[in-house]
Amino acid sequence: EITTKRTIMHRGFFSKSSSEVVHDNIRNIQIDQTFLQRATNVGRIGISSSGQDGIEIQVNHLADPAKLKDIIDLYIPL
């Protein structure tokens, strides 16, 4: 879920958890795609913030991950 203020990842069906990164704190957005994934326009996106080490939100098998990065970039203040 991408809002104007944060990106949130919800997980689980029976037991649930969520992670969120406030757009003001985003330090890095990574996109990983294999050759086959590039051909089919799917991939993995990872988001890390200045408050934590490593990737806080990671989602695999996303359609058009570059478009999602562009949407998130719209809400990151300069």
message = Would you say Val22 ends up clustered with Ile57 if hydrophobic residues are merged whenever their side chains have heavy atoms under 4.5 Å apart, either directly or through other cluster members?
response = no
inquiry  = If the test is side-chain contact (heavy atoms from CB on, under 4.5 Å), which one of Ile55, Ile72, Leu68, Val59 qualifies with Ile47?
reply    = Ile72
inquiry  = I'd like to know whether NE2 of His61 has more than 12 heavy-atom contacts from other residues, nucleotides or ligands below 6.0 angstrom.
reply    = no
message = With rounding to the nearest 0.5 angstrom, report the CD1 to NE2 distance, Ile2 to His23.
response = 6.5 Å
task = Quick one: pull up OG in Ser50 and CZ in Arg27 and give me the separation to the nearest 0.5 Å.
result = 7.5 Å
key: Set of residues satisfying side chain to side chain contact (heavy atoms under 4.5 Å, CB included) with respect to Asp64, sequence neighbours excluded   = Asn41, Ala66, Lys67
inquiry  = Show the nearest heavy-atom pair for residues Gly54 and Ser48, with the distance to one decimal.
reply    = O-CB, 3.1 Å
ask   = Minimum heavy-atom separation for His10 to Ser18, with atom names?
value = ND1-CB, 3.7 Å
inquiry  = Keeping Thr7 on the side-chain end and Thr3 on the backbone end, is there a donor-acceptor pair under 3.5 Å?
reply    = no
key: Shared hydrophobic cluster, Tyr75 / Ile31 (ILVMFWY, side-chain heavy atoms < 4.5 Å)   = yes
ask   = Taking only residues two or more places apart in sequence, or in another chain, which ones meet Arg38 in a side chain to side chain contact (heavy atoms under 4.5 Å, CB included)?
value = Gln33
query = Members other than Phe14 in its cluster, when Ile, Leu, Val, Met, Phe, Trp, Tyr link by side-chain heavy atoms under 4.5 Å?
reply = Phe13
note = Applying side chain to side chain contact (heavy atoms under 4.5 Å, CB included) to Asp53 and not counting sequence neighbours gives none
key: Atom of Ile26, atom of Ile29 and distance for their closest heavy-atom approach   = CG2-CG1, 3.9 Å
task = May I ask you to test the Ser19-Ile8 pair for a side-chain heavy-atom distance under 4.5 Å?
result = no
request  = Would you please name every residue forming a side chain to side chain contact (heavy atoms under 4.5 Å, CB included) with Ser49, sequence neighbours left out?
outcome  = Val21, Asn25, Gln52, Glu56
Under the salt bridge (charged side-chain N to carboxylate O under 4.0 Å, His left out) test, residues paired with Arg6 that sit two or more places apart = Glu20
